[in-house]
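One structure is given here, and the rest of the page talks about it.
Because the structure is a prediction, the values reported are computed rather than measured.
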Amino acid sequence: MHDLVTDERSRRLESAFMAFGDTGGEVSIRSPMPGLIVRVPVEEGQNVRKGETVIVLESMKMENELKSPRDGIVHRVNVTVGDSVEQN
């Protein structure tokens with residue numbers, strides 16, 4: 001058996017999406033850490049697949065891709081490139 005070692009950044013990103021599960025209903029994607037929005041590769045009305053990047057956040061000089069936890073449709077995008085966001 002292999003032990004998996006993860007850094008704090010990876011652990012926080014993973015835990016932010018584990019809470020969503022795979023049930024129906026609306027999902028809000030929230031930032032697991034404070035940072036700056038550097039890319040929003042989706043738009044309202046767009047279909048997304050599980051694992052598809054929906055936001056790119058720069059935090060601690062690293063780009064973090066926030067991904068869709070399941071297949072769905074983007075109903076609202078509340079940030080734009082250049083916005084600063086807080087955790088959650």
Problem set entry | Listed partners of E43 passing side-chain contact (heavy atoms from CB on, under 4.5 Å), at least two apart | Q46

For this session: Sequence neighbours left out, what passes side-chain contact (heavy atoms from CB on, under 4.5 Å) with D83? Give chain and number order.
Result: I37, V79, T80

Hey, what do you get for [atom1] ([X]) to [atom2] ([Y]), rounding to the nearest 0.5 Å?
{"X": "L36", "Y": "S31", "atom1": "CG", "atom2": "OG", "answer": "10.5 Å"}
{"X": "T53", "Y": "K67", "atom1": "OG1", "atom2": "NZ", "answer": "3.0 Å"}
{"X": "R39", "Y": "E65", "atom1": "CZ", "atom2": "CD", "answer": "6.0 Å"}
{"X": "N47", "Y": "E52", "atom1": "CG", "atom2": "CD", "answer": "9.0 Å"}

For this session: Check the hydrophobic clustering (I, L, V, M, F, W, Y; side-chain heavy atoms under 4.5 Å; chains of links allowed) and say if I29 and V85 are grouped together.
Result: yes

Exercise. Should V40 and V77 be marked as a side-chain contact (heavy atoms from CB on, under 4.5 Å) after you check the CA-CA gap, both sets of side-chain angles, and the distance that decides it?
Worked result: CA-CA 9 Å; V40 182; V77 178; 3.8 Å; yes

Problem set entry | Nearest heavy atoms of P34 and S59, plus distance in Å | O-OG, 2.8 Å

Exercise. Where do E63 and V38 come nearest, in terms of heavy atoms and distance?
Worked result: OE2-CG2, 4.0 Å

For this session: Would you check if E26 and R76 make a side-chain contact, meaning some heavy-atom pair closer than 4.5 Å?
Result: yes

Exercise. V54 versus V48: any side-chain heavy-atom pair under 4.5 Å?
Worked result: yes

Exercise. Which is it for S68 and K50 under the side-chain hydrogen bond (donor to acceptor under 3.5 Å, both in side chains) test, yes or no, and what are the steps along the way?
Worked result: CA-CA 5 Å; S68 176; K50 180 178 180 176; over 6 Å; no

Problem set entry | Verdict with supporting geometry, M33 and N64, side-chain contact (heavy atoms from CB on, under 4.5 Å) | CA-CA 10 Å; M33 62 196 78; N64 303 284; 3.8 Å; yes

